[in-house]
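A short write-up of the structure that comes next.
In what follows, every chain begins at residue 1, and chains take the letters A, B, ... in the order their sequences are listed.
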Number of protein chains: 2
Amino acid sequence: MKNTKRAKLEAAGWAVGSVKQFLGLSEADEALINMKLGLSHSLRARRQQEGLSQVQLAERLRSSQSRVAKMEAGDPSVSMDLLVSSLLLLGATSADLAKSIRGGVKGKGRHAA
Amino acid sequence: MKNTKRAKLEAAGWAVGSVKQFLGLSEADEALINMKLGLSHSLRARRQQEGLSQVQLAERLRSSQSRVAKMEAGDPSVSMDLLVSSLLLLGATSADLAKSIRGGVKGKGRHAA
DNA sequence: TCATTCTATGTCATATGTGACATATCGTCA
DNA sequence: TGACGATATGTCACATATGACATAGAATGA
């Protein structure tokens with residue numbers, strides 16, 4: 001993963017999938033990104049659900065606010081492992097994660113195709 | 001992740017979950033490991049389905065035989081990202097992955113509790 | 001027995017991810 | 001306006017994952 005524009009575009013609310021051929025993304029790359037974005041959004045949703053700030057969540061995860069921000073932004077520098085283990089620490093079940101992964105990005109995107 | 005005995009035990013066919021308190025594993029750690037094992041097994045299943053050797057699969061993935069072996073063995077050194085992207089390259093869909101993740105290890109384990 | 005093929009395991013240099021820090025942006029309230 | 005809290009972004013030292021290589025074990029066939 002190199003291109004950073006990608007994540008920015010997507011985090012900015014693009015309908016994911018629309019940027020596929022735009023950059024040289026393979027189907028697999030695209031799918032992986034979608035899955036990660038699904039997890040990112042789940043993470044933010046759960047955090048807000050619990051009424052936590054990024055700082056508070058970072059404490060629970062024994063991480064830092066900046067990393068939490070990056071997780072939620074779908075930054076290419078965050079691994080799926082980190083997203084998943086964070087969600088698990090927030091109480092998500094395997095079934096929850098499966099849903100996030102399968103559904104990819106759920107939030108009604110602006111610019112929807 | 002540090003302990004390597006863990007993966008060995010599990011790869012050896014233990015009913016996953018039975019080793020939980022045995023080592024100092026949190027629920028989250030355990031869940032993550034289960035998910036990874038589910039993916040590992042899916043990978044092996046798909047490879048065999050296609051009649052590929054580990055060497056052949058490694059070529060497709062632009063990786064090496066040893067890493068494929070480690071992926072399939074559930075070695076702690078392999079990331080979820082690698083497992084997932086490998087499965088995607090093998091043609092798995094998001095739904096397939098969701099299933100593997102949700103179900104964790106599927107194979108009827110010996111030593112079942 | 002020896003070859004051959006496939007898989008497992010250990011090690012290493014390099015690539016990538018991570019937490020931490022600084023700093024910027026944004027919104028809200030006085 | 002300024003101050004405050006929350007979030008975003010860039011950078012860096014250190015940790016971990018990765019591909020590659022060597023080598024060992026296991027299974028099969030001659």
Side-chain angles (χ1 to χ4, degrees), chain A residues 1-13 28-29 32-33 35-37 39-41 43-89, chain B residues 1-13 28-29 32-33 35-37 39-41 43-89:
Chain A
M1 275 211 209
K2 237 146 220 186
N3 207 320
T4 182
K5 274 184 253 170
R6 194 197 309 160
K8 290 188 183 174
L9 281 177
E10 288 159 344
D29 287 337
L32 181 60
I33 290 175
M35 292 173 55
K36 284 199 187 182
L37 284 176
L39 295 170
S40 294
H41 292 163
L43 184 65
R44 170 161 292 178
R46 277 191 179 266
R47 176 177 65 81
Q48 292 176 334
Q49 192 75 18
E50 310 248 344
L52 299 173
S53 68
Q54 290 183 345
V55 172
Q56 292 174 308
L57 177 54
E59 286 166 359
R60 282 206 199 179
L61 303 180
R62 304 182 152 273
S63 179
S64 61
Q65 179 269 328
S66 58
R67 192 131 294 274
V68 171
K70 280 160 191 164
M71 286 192 232
E72 292 185 354
D75 189 292
S77 84
V78 332
S79 73
M80 199 158 168
D81 295 71
L82 186 61
L83 286 168
V84 167
S85 50
S86 297
L87 278 162
L88 288 172
L89 283 180
Chain B
M1 275 209 208
K2 238 146 218 183
N3 208 321
T4 183
K5 274 182 253 173
R6 193 196 311 160
K8 289 186 181 174
L9 282 177
E10 289 159 345
D29 287 338
L32 182 59
I33 290 175
M35 292 174 55
K36 283 198 187 183
L37 284 176
L39 295 171
S40 294
H41 292 160
L43 184 65
R44 170 161 293 178
R46 277 190 179 266
R47 175 176 66 81
Q48 292 175 335
Q49 192 73 19
E50 309 247 346
L52 298 173
S53 69
Q54 290 183 344
V55 172
Q56 292 173 308
L57 177 54
E59 287 166 0
R60 282 207 199 179
L61 303 180
R62 304 180 151 271
S63 179
S64 61
Q65 180 269 327
S66 58
R67 192 129 297 271
V68 171
K70 281 160 191 163
M71 287 192 230
E72 293 184 353
D75 188 291
S77 84
V78 332
S79 73
M80 199 158 168
D81 294 71
L82 185 62
L83 286 167
V84 166
S85 51
S86 297
L87 278 162
L88 288 172
L89 282 180

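- At whole-Å resolution of the value, CD in A/Gln54 and C1' in D/dG5 are 12 Å apart.
- For C/dA8, neither phosphate oxygen OP1 nor OP2 lies less than 4.0 angstrom from any side-chain nitrogen or oxygen of B/Ser66.
- Note on A/Ser77: every side-chain N or O is 4.0 Å or more away from OP1 and OP2 of C/dT18.
- Put simply, CG on A/Leu83 is 18 Å from P on C/dT16, counting in whole angstrom units.
- Rounded to a whole Å, the CG atom of A/Asp81 is 16 Å from the P atom of C/dT16.
- Rounded to whole angstrom, the span from the CG atom of B/Leu57 across to the P atom of C/dA8 amounts to 12 Å.
- Note: CE (A/Met71) to P (C/dT18) measures 8 Å, nearest angstrom.
- When each of B/Arg67 and B/Val55 is assigned the nucleotide of DNA chain C with its nearest heavy atom, B/Val55 is the one assigned upstream, toward the 5' end.
- Counting distance only, with no hydrogens placed and no angle test, the side-chain atoms of A/Lys70 and the base atoms of D/dG10 include a donor-acceptor pair under 3.5 Å.
- Note on B/Val68: nothing from the nucleic acid sits closer than 4.0 angstrom, heavy atoms only.
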Note to self: Between A/Lys36 and B/Asp81, is the side-chain contact (heavy atoms from CB on, under 4.5 Å) condition met? List the steps.
What the structure shows: CA-CA 10 Å; A/Lys36 284 199 187 182; B/Asp81 294 71; 3.1 Å; yes
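- Looking only at distances, no side-chain donor or acceptor of A/Arg44 sits under 3.5 Å from a matching main-chain atom of A/Glu72.
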Next item on the list: List the steps, then state whether side-chain contact (heavy atoms from CB on, under 4.5 Å) holds for B/Met71 with B/Arg47.
Entry: CA-CA 12 Å; B/Met71 287 192 230; B/Arg47 175 176 66 81; over 6 Å; no
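- Once rounded to the nearest 0.5 Å, the distance linking CZ of B/Arg67 with OG of B/Ser86 reads 10.0 Å.
- Each of A/Ala69 and B/Ser64 was matched to the nucleotide of DNA chain D holding its nearest heavy atom; the match closer to the 5' end belongs to A/Ala69.
- In this structure, the CG atom of B/Leu82 is 17 Å from the P atom of C/dA15, given to the nearest Å.
- If you check C/dT18, D/dT18, D/dG19 against the side chain of B/Ser79, the one that comes closest is D/dT18.
- Side-chain nitrogen and oxygen atoms of A/Arg62 include none within less than 4.0 Å of the OP1 or OP2 phosphate oxygen of C/dA20.
- A straight line from CD of B/Glu72 to P of D/dT18 spans 15 Å, rounded to a whole angstrom.
- In this entry the distance linking CG of A/Asp75 with C1' of D/dG10 reads 11 Å, nearest Å.
- Contact annotation: A/Arg47 reaches the phosphate of D/dT7 (side-chain N/O to OP1 or OP2, under 4.0 Å).
- Between B/Gln48 and B/Leu57, the closest side-chain pair of non-hydrogen atoms is not below 4.5 Å.
- A donor N or O paired with an acceptor N or O is not found under 3.5 Å between the base of D/dA6 and the side-chain atoms of A/Gln65.
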